[in-house]
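Heads up, the thing below is written out as structure tokens.
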Protein chains: 2
Amino acid sequence: MSVTTDRLRGLIETTEGELPSLTVELVRDLEVHEQMSIAEVAELTGLSAHTLRYYERIGLVEVPRDAAGRRLYDREAVGRVVFITRLRDSDMPIAAIARYVELVKQGPGTEPERLALLEAHRDDILNRLRDLQGALAVVDYKITTYGGSCGS
Amino acid sequence: MSVTTDRLRGLIETTEGELPSLTVELVRDLEVHEQMSIAEVAELTGLSAHTLRYYERIGLVEVPRDAAGRRLYDREAVGRVVFITRLRDSDMPIAAIARYVELVKQGPGTEPERLALLEAHRDDILNRLRDLQGALAVVDYKITTYGGSCGS
DNA sequence: GCTTGCCTTCGACCGCACTCGAAGTCCTAC
DNA sequence: GTAGGACTTCGAGTGCGGTCGAAGGCAAGC
């Protein structure tokens, strides 16, 4: 589905059976340099440079600049982008991600709300999984019994 | 997630272990009368009347009318709508659904393409499932180890 | 010193899937 | 016969998440 996920999936699968995969680990495994250009981060994440600028514009990441004003993603910024990508891949709305990031910015004391946000999202994912499994059953049935009207 | 799925989920779960659930069975189990008004179909599927008209407008369903020109959904139309809803719940794009419906309209001979369409969509669903499971692992990890920055 | 090419900002635009509003029609109940 | 409510068509508007283009800056290589 998403390019990012395709790129990261292998890494996840290699750690299966161990702890659930961790963005930080993924970032460590992928080649993250201390300073990355927007093109490199785009290449790394599968997002377009446009999208990366967009994420910054709406406040999801803060990205340091070089002397000439060009973006130089540091390890933290890259980690953030990868994390956001993960959440987007699971259809978390940008607004919710923005809220989460906002809470992180506000610092300690906001953990309960952050946790609540993640738990709500976790429920969304579980529902989505069930939806998809249901739909998969229908499509599979259609495929295996293929005769093919479309109201049946 | 979707209202329709919420309503139908129970029915699916009751048939677990048997054959994969079938739209036609769902339709039989839900109370489908021979003639239903748009309001009744909306109530049944969880779609809005607006959305039902929209689906018809773009050619996804043909709906009979009564003498006064009002929509009177018959069993076939209702089945079609439920099937479409299932596909939409799994994020199949309207355009692909429209293509499928088009093939059904064209009648016999189009089965191979229909099948290919369904199989492609099946692959999409499987990828989506993997994406979601990956994202779930990340979110779960975040929740269980909760300390909370967002690049980690 | 000039071309090449990636970078910058900014605002406008796009595609998807609805969603809504206006204006009018038709049946039912009073 | 008239008020109410659910229906009709049509076209326009909305929200989301990007996506793009224009106009210009800066550094490296020729």
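Predicted model, so just to flag it, every value in this text is computed and none were measured. All values below were derived from every heavy atom in this structure, side-chain atoms included, with hydrogens, water molecules and symmetry-related copies excluded. Every chain is numbered from 1 and lettered A, B, ... according to where its sequence line falls, protein lines coming before strand lines.
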Would you say [X] and [Y] make side-chain contact, with heavy atoms under 4.5 Å?
X	Y	answer
B:Tyr54	B:Leu60	no
A:Ile97	A:Phe83	no
B:Val139	A:Glu119	no

Notebook entry, point to check: Would you call A:Asp91 and B:Arg128 a salt bridge, using N to O less than 4.0 angstrom?
Noted result: yes

Item checked: Check ion pair B:Glu56-B:Arg65 (N to O, under 4.0 angstrom) -> yes

Check: Is the backbone N or O of B:Ser37 less than 3.5 Å from a side-chain atom of B:Glu40, with the two atoms forming a donor-acceptor pair by type?
Finding: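 Checked: pair present.
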
Note to self: Mind checking if A:Ala49 touches a base, just sugar-phosphate, or nothing, with heavy atoms under 4.0 Å?
What the structure shows: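 Touches nothing.
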
Margin query: With a strict under 4.0 Å distance from non-hydrogen atoms of chain B, what nucleotide opens and what nucleotide closes the contacted stretch of DNA chain D, reading 5' to 3'?
Written below: D:dC7 to D:dA12

Check: When the distance from OH of A:Tyr73 to C1' of C:dT8 is rounded to whole Å, what number comes out?
Finding: 12 Å

Next item on the list: Spell out protein contact along nucleotides 17-30 of chain C as letters: B when the base is contacted, S when just the sugar-phosphate is, - when no protein heavy atom is under 4.0 Å; keep the 5' to 3' order.
Entry: BBBB-----SS---

Note to self: Testing the basics here: between A:Val78 and A:Val41, what is the closest heavy-atom pair and its distance to 0.1 Å?
What the structure shows: CG2-CG2, 4.1 Å

Item checked: A:Glu62 atom CD, over 12 foreign heavy atoms within 6.0 Å -> no

